[in-house]
Student: 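I have a structure I would like to understand better, so I am pasting it below and will then ask my questions one at a time.
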There are 2 protein chains.
Amino acid sequence: MRSSTEYIEKLRKSGLRPTKQRITICELLFNTDKTFHFTINDLTKIIEFNSNQKISLATVYNTIHAFQKKGYLKEIAINSSQTYFDTNISAHHHFFDEKEKKLIDLEDEDVYPIKIKKTIPGKKIKSVEVLVKIDKI
Amino acid sequence: MRSSTEYIEKLRKSGLRPTKQRITICELLFNTDKTFHFTINDLTKIIEFNSNQKISLATVYNTIHAFQKKGYLKEIAINSSQTYFDTNISAHHHFFDEKEKKLIDLEDEDVYPIKIKKTIPGKKIKSVEVLVKIDKI
DNA sequence: ACATTACTTTAGAATAATTATAAAATTGGT
DNA sequence: ACCAATTTTATAATTATTCTAAAGTAATGT
């Protein structure tokens with residue numbers, strides 16, 4: 001359990017005002033050592049059940065996008081009706097179970113290093129994401 | 001330029017009735033050796049400019065989803081407001097330029113083989129997709 | 001502490017891709 | 001040609017996300 005003053009500092013340093021809503025979301029997302037995957041819909045429910053505060057949907061979107069821009073969250077590239085975010089911002093990949101709509105982390109050491117031979121003139125690589133779709137045997 | 005009778009046969013064999021709309025879409029998608037990436041919106045415009053037929057939006061969606069289910073098209077996993085499809089159904093990966101919203105094929109030989117060490121009990125790997133996001137240097 | 005400014009939150013409206021609906025049209029088999 | 005099954009179509013419904021602009025809150029200077 002981290003103290004909220006830690007989040008207040010971090011938010012300020014990032015140029016984000018430490019509002020009640022942002023601190024609450026920080027606590028819900030980052031107060032555990034476990035990283036996890038969520039959609040805005042998931043997070044809305046988490047807020048509802050785990051805080052006695054109502055945060056408007058627009059604020060949830062704003063906050064998550066702000067955190068993502070600052071690099072505290074990663075958006076995961078999958079085709080789903082909802083966008084997934086990851087509190088694990090390290091370079092890593094994912095399993096995705098399309099039936100259960102669930103993501104599972106693949107740590108960097110779970111995947112042999114990926115090397116791309118092709119280059120595009122005038123372009124540089126920003127990120128390399130591997131999505132491994134899985135299914136019942 | 002393939003003959004439409006070829007598509008009629010293929011559709012019939014797949015259990016899809018060869019309608020005027022489906023044949024038109026086949027011709028627009030598969031009448032070239034070049035494979036390409038498109039969104040439903042792209043395809044709607046292609047139909048508009050390259051055939052003298054108006055195909056309703058619902059039919060475009062139905063057809064593309066039917067073709068995808070039969071394995072004639074691949075959906076590409078990226079987070080975009082629109083879903084991308086690929087006429088190249090072979091195992092391959094992609095560059096994605098988020099600014100220009102453009103996809104570029106990475107042939108299988110452009111990427112060193114990907115090996116996943118982790119396994120999930122009761123689950124098998126269905127596909128492995130690599131998305132390389134690129135940006136201006 | 002107070003005032004002023006800038007940033008945030010909020011509810012609700014707007015947007016846009018996709019899916020659902022159900023009537024009309026077309027296809028395939030007899 | 002006839003009939004049943006499938007398909008197309010226009011339109012409505014759905015849903016995630018973004019926009020808007022008014023009200024609230026935080027930061028800063030006095």
Side-chain angles (χ1 to χ4, degrees), chain A residues 4-5 7-26 28 37-48 51-70 72-73 75-85 98 101, chain B residues 4-5 7-26 28 37-48 51-70 72-73 75-85 98 101:
Chain A
S4 66
T5 51
Y7 296 125
I8 292 174
E9 265 320 290
K10 206 164 184 183
L11 286 166
R12 269 218 193 84
K13 274 183 190 154
S14 311
L16 297 172
R17 287 187 179 174
T19 64
K20 192 152 45 88
Q21 293 85 343
R22 286 175 177 162
I23 294 163
T24 299
I25 292 176
C26 277
L28 294 173
H37 311 108
F38 64 93
T39 64
I40 295 289
N41 188 44
D42 295 336
L43 181 55
T44 303
K45 282 179 192 151
I46 292 170
I47 293 166
E48 200 174 302
S51 89
N52 13 14
Q53 194 182 160
K54 192 200 167 299
I55 301 181
S56 114
L57 184 60
T59 301
V60 179
Y61 272 98
N62 286 343
T63 303
I64 294 310
H65 288 148
F67 287 4
Q68 186 203 359
K69 264 186 207 138
K70 296 295 175 186
Y72 304 139
L73 290 172
E75 188 179 333
I76 303 167
I78 34 173
N79 267 13
S80 167
S81 59
Q82 288 179 92
T83 301
Y84 281 79
F85 294 91
E98 279 179 310
K101 303 265 173 212
Chain B
S4 64
T5 53
Y7 297 123
I8 292 174
E9 266 319 291
K10 206 163 184 185
L11 286 166
R12 270 219 191 82
K13 275 183 189 152
S14 312
L16 297 171
R17 286 189 178 172
T19 65
K20 192 153 44 89
Q21 293 83 346
R22 285 173 177 164
I23 295 163
T24 299
I25 291 176
C26 278
L28 293 173
H37 312 108
F38 63 93
T39 63
I40 294 290
N41 188 44
D42 294 337
L43 181 55
T44 303
K45 281 180 192 151
I46 292 170
I47 293 166
E48 200 175 302
S51 88
N52 14 14
Q53 197 182 157
K54 189 199 169 301
I55 301 181
S56 112
L57 185 60
T59 300
V60 178
Y61 273 99
N62 288 342
T63 303
I64 294 311
H65 288 147
F67 287 3
Q68 186 202 358
K69 264 185 204 138
K70 296 294 174 183
Y72 304 138
L73 289 173
E75 190 179 330
I76 303 167
I78 34 173
N79 268 11
S80 168
S81 60
Q82 288 178 93
T83 302
Y84 280 79
F85 294 92
E98 279 178 310
K101 302 267 175 211

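A note on names: the letters A, B, ... follow the listed sequences, proteins ahead of strands, and every chain is numbered from 1.
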Student: List the steps and the verdict of side chain to side chain contact (heavy atoms under 4.5 Å, CB included) for B:H65 and B:F85.
Tutor: CA-CA 10 Å; B:H65 288 147; B:F85 294 92; 4.2 Å; yes

Student: Nearest whole Å is fine: how far is C:dT9 C1' from A:I23 CD1?
Tutor: 14 Å

Student: Distances for protein N/O vs nucleotides 23-25 of chain C N/O pairs under 3.5 angstrom?
Tutor:
none

Student: Mind listing the N/O atom pairs, protein and nucleotides 10-14 of chain D, below 3.5 Å?
Tutor:
residue, atom, partner, partner atom, Å
D:dA10, OP2, B:K54, NZ, 3.4

Student: Heavy atoms under 4.0 Å, any strand shown: does B:T39 hit a base, just sugar-phosphate, or nothing?
Tutor: nothing

Student: Which residues pass the side-chain hydrogen bond (donor to acceptor under 3.5 Å, both in side chains) test with A:D42, not counting sequence neighbours?
Tutor: A:T39

Student: What are the atom names and distances for every N/O pair under 3.5 Å that joins the protein to nucleotides 1-7 of chain D?
Tutor:
residue, atom, partner, partner atom, Å
D:dA5, N3, B:R17, NH1, 3.2
D:dT6, O4', B:R17, NH1, 3.2
D:dT7, OP1, B:R17, N, 3.2
D:dT7, OP1, B:R22, NH1, 2.9

Student: Looking only at heavy atoms, which two atoms of A:A66 and A:L16 are closest? And how far apart?
Tutor: CB-CD2, 4.2 Å

Student: Give me each pair satisfying side-chain hydrogen bond (donor to acceptor under 3.5 Å, both in side chains) with a member in residues 10-25 of chain A, each pair once, sequence neighbours excluded.
Tutor: A:S14-A:Y72, A:T24-A:Q53

Student: Using five pairs at either end of the helix from C:dA1-D:dT30 to C:dT30-D:dA1, determine the angle between the two local helix axes and round it to 10 degrees.
Tutor: 30°

Student: Mapping B:R12 and B:Y84 onto DNA chain C by nearest heavy atom, which one lands closer to the 5' end?
Tutor: B:Y84

Student: Mind checking whether A:K45 and A:F38 have side chains closer than 4.5 Å, heavy atoms only?
Tutor: no

Student: In whole angstrom, what separates A:L11's CG from D:dT25's P?
Tutor: 18 Å

Student: Starting at atom NZ of B:K13, determine the distance to atom P of C:dG28, rounded to an integer number of angstrom.
Tutor: 15 Å

Student: Which part of the nucleic acid, if any, lies within reach of A:N62 when heavy atoms closer than 4.0 Å are counted: base, sugar-phosphate only, or nothing?
Tutor: base

Student: Which residues pass the side-chain hydrogen bond (donor to acceptor under 3.5 Å, both in side chains) test with B:N79, not counting sequence neighbours?
Tutor: A:E75

Student: What is the separation between atom NE2 on A:H65 and atom P on D:dC19, rounded to the nearest whole Å?
Tutor: 10 Å

